[in-house]
> 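I'd like to ask you about the structure that follows.
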Amino acid sequence: MNEGASVTEAAANIGVVGLAVMGANLSRNLASREGNTVAVFNRSPQRTEALVAAHPEAGFVPAFSYAEFAASLQKPRTAIIMVQAGAATDATIDALVEVFEPGDIIVDGGNAYFPDTIRRERAVRATGINFVGAGISGGEEGALNGPSIMPGGSDEAWRTLGPILRSIAAVAEGEPCVTHVGHDGAGHFVKMVHNGIEYADMQLIAEAYDLIRRGTGKSPAEIADIFAEWNRGELESYLIEITAEVLRQNDAATGEPLVDVILDQAGAKGTGAWTVQTALALGVPVSGIAEATFARSLSSHPEQRAAAAELPGPARAIAVDDEAAFIEDVRQALYASKIVAYSQGFDEIRAGAAEYGWTIDLGAIARIWRAGCIIRAQFLNRIADAYAADADLALLMGAPYFADALARGQEAWRRVVVHATAAGIPAPAFSSSLAYYDGLRAERLPAALVQGQRDFFGAHTYRRIDREGAFHTLWSGDRSEIPA
Ligand SMILES: NC(=O)C1=CN([C@@H]2O[C@H](COP(=O)(O)OP(=O)(O)OC[C@H]3O[C@@H](n4cnc5c(N)ncnc54)[C@H](OP(=O)(O)O)[C@@H]3O)[C@@H](O)[C@H]2O)C=CC1
Ligand SMILES: O=C(CO)[C@H](O)[C@H](O)COP(=O)(O)O
């Protein structure tokens with residue numbers, strides 16, 4: 001580490017490294033707050049020059065080397081990194097550690113994989129510099145006007161960072177959408193699950209659109225009106241709102257609905273897969289999130305889709321007698337499946353907190369997701385209420401409000417899944433959410449048979465319903481049972 005430049009050169013109280021969509025807008029957000037002077041740095045100088053030229057009102061302090069960036073910051077220095085996850089983040093942290101000093105704070109605001117954040121926090125802390133992994137959600141508009149922020153890291157770093165992050169975060173019912181989630185990787189863990197829920201929510205909405213289009217023959221613009229109407233009720237959310245916008249958009253080149261000219265292969269940068277991988281390791285069944293993630297993968301294998309195109313099946317058309325009733329069924333199925341997705345996500349956060357020793361206030365997470373982030377929704381108030389009533393809820397969807405909503409919606413949900421299945425319309429997120437609901441409420445599951453099979457081929461033992469202990473049947477002997 002070097003000593004940086006003299007204090008007299010240090011004009012900025014905060015800095016941002018990485019000036020693509022998120023970093024540029026976050027820098028402008030920071031600069032717009034009273035008392036902030038923002039130093040900006042990007043690996044390629046053109047981005048720095050472009051940002052500074054485009055926004056003279058922001059009073060940015062541009063830097064063209066890491067040493068210059070460090071010198072432009074008041075001590076203790078605070079810098080927020082907004083670069084690509086993975087190697088880019090490691091390279092940026094390494095470069096900052098070289099020019100920062102003990103007591104300074106490095107915040108990684110990108111979508112890092114939480115084990116990386118745990119590793120980085122440990123390594124950077126050893127230098128005396130604070131490292132905070134902070135999930136930031138809201139896309140371009142959120143970064144500019146107020147995102148939802150999920151910081152991890154130490155209590156000491158939070159004391160310094162808290163006021164800055166509160167000043168730039170979205171506000172929901174007077175409360176800034178930021179909370180100290182927990183230590184080291186807790187913030188990025190929660191952001192990861194946020195994105196997993198985002199994948200599920202998006203897939204469910206996409207399935208609802210597909211079913212309505214195939215069931216009623218309505219145009220995308222007409223379905224946009226349906227989503228806009230839904231957005232005035234219990235489904236009110238940013239994702240429903242933007243779905244109406246996307247469906248209403250016509251392609252300038254062809255005049256066709258834009259949704260009909262977009263290639264039907266969904267991309268993914270990895271956070272959904274991380275959510276599922278982590279859930280598998282924790283033994284948490286996030287089946288809705290997993291199906292949503294796999295649905296993107298399935299869409300993106302054109303060679304396999306071409307190979308399967310001639311396989312037999314129904315014509316993917318639903319015969320609907322009562323259009324209005326069918327649309328209402330889809331709405332209810334969407335709401336029920338959405339409850340499942342959030343319940344699964346919160347279950348994963350609860351399990352992750354237990355595994356990694358974080359104290360995560362689940363009600364506070366619901367509250368900071370009410371504004372600023374991509375999954376912001378009226379519905380999150382209901383989740384916050386559920387955790388306020390019982391902070392140790394074993395199952396979010398078992399809370400009275402959600403249990404009632406599921407009870408009200410489950411018949412419609414079943415009708416939609418039956419229709420979809422009979423018509424050969426894939427609705428993996430709707431179907432798997434319903435299977436999860438039925439699985440959890442089942443008095444008895446065929447898991448008993450799986451245990452019998454495991455004991456048969458691998459002497460893995462089983463437990464009995466009527467006695468304590470583990471048992472094994474001598475399958476290749478006289479088939480008597482012995483205590484294991
Ligand atoms: N876009 C979004 O809606 C959201 C993104 N995020 C996360 O925020 C972060 C930034 O996202 P976004 O603004 O979309 O930008 P990108 O994820 O596209 O990252 C581009 C930035 O990373 C920099 N970069 C790439 N490789 C390196 C490297 N080896 N060393 C230093 N810098 C490097 C680029 O610099 P250069 O210009 O020199 O190439 C550029 O500033 C990401 O982690 C992303 O996952 C979080 C929430 C929402
Ligand atoms: O973090 C985000 C929103 O919360 C980003 O928009 C993220 O890139 C979305 O993930 P993907 O690109 O995999 O759809």
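Read the numbers this way: they start at 1 and go in the same order the structure lists the ligands and their atoms. The first residue of the sequence shown is numbered 1, and numbering continues consecutively from there.
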> Asn36 and Asn13: side-chain donor and acceptor closer than 3.5 Å?
yes
> Regarding Gln203 and Glu207, do their side chains bring together a donor and an acceptor under 3.5 Å, going by distance alone?
yes
> CZ of Arg122: more than 12 outside heavy atoms within 6.0 angstrom?
no
> Take atom CZ of Phe294 as the centre, draw a 6.0 Å sphere, and report whether it contains more than 12 heavy atoms from other residues, nucleotides or ligands.
no
> Do Phe379 and Tyr335 have their ring centres less than 6.0 Å from each other?
yes
> Please determine which of Leu30, Asp108, Val17 meets the side chain to side chain contact (heavy atoms under 4.5 Å, CB included) test together with Ile80.
Leu30
> Within 45 degrees of the ring normal and closer than 6.0 Å to the centroid, is that where the cationic atom of Arg120 sits relative to Phe131?
no
> Is it true that Tyr342 and Asp201 share a donor-acceptor pair across their side chains at a distance under 3.5 Å?
yes
> Would you please say whether a donor-acceptor pair under 3.5 Å links the side chains of Glu348 and Thr278?
no
> Put together the list of close N/O pairs, under 3.5 Å, between ligand 2 and the protein, could you?
{"residue": "ligand 2", "atom": "1 (O)", "partner": "Asn111", "partner atom": "ND2", "Å": "2.8"}
{"residue": "ligand 2", "atom": "1 (O)", "partner": "Lys191", "partner atom": "NZ", "Å": "2.7"}
{"residue": "ligand 2", "atom": "1 (O)", "partner": "Asn195", "partner atom": "ND2", "Å": "3.0"}
{"residue": "ligand 2", "atom": "4 (O)", "partner": "Ser137", "partner atom": "OG", "Å": "3.3"}
{"residue": "ligand 2", "atom": "4 (O)", "partner": "Lys191", "partner atom": "NZ", "Å": "3.4"}
{"residue": "ligand 2", "atom": "4 (O)", "partner": "Asn195", "partner atom": "OD1", "Å": "3.2"}
{"residue": "ligand 2", "atom": "4 (O)", "partner": "Glu198", "partner atom": "OE1", "Å": "2.8"}
{"residue": "ligand 2", "atom": "13 (O)", "partner": "Tyr199", "partner atom": "OH", "Å": "2.5"}
{"residue": "ligand 2", "atom": "13 (O)", "partner": "Lys269", "partner atom": "N", "Å": "2.7"}
{"residue": "ligand 2", "atom": "14 (O)", "partner": "Arg296", "partner atom": "NH1", "Å": "2.8"}

> Hey, which residues fall under 4.0 Å of ligand 1 on heavy atoms?
Gly18, Leu19, Ala20, Val21, Met22, Asn42, Arg43, Ser44, Arg47, Met82, Val83, Gln84, Ala85, Ala88, Thr92, Gly110, Asn111, Ile136, Gly139, Lys191
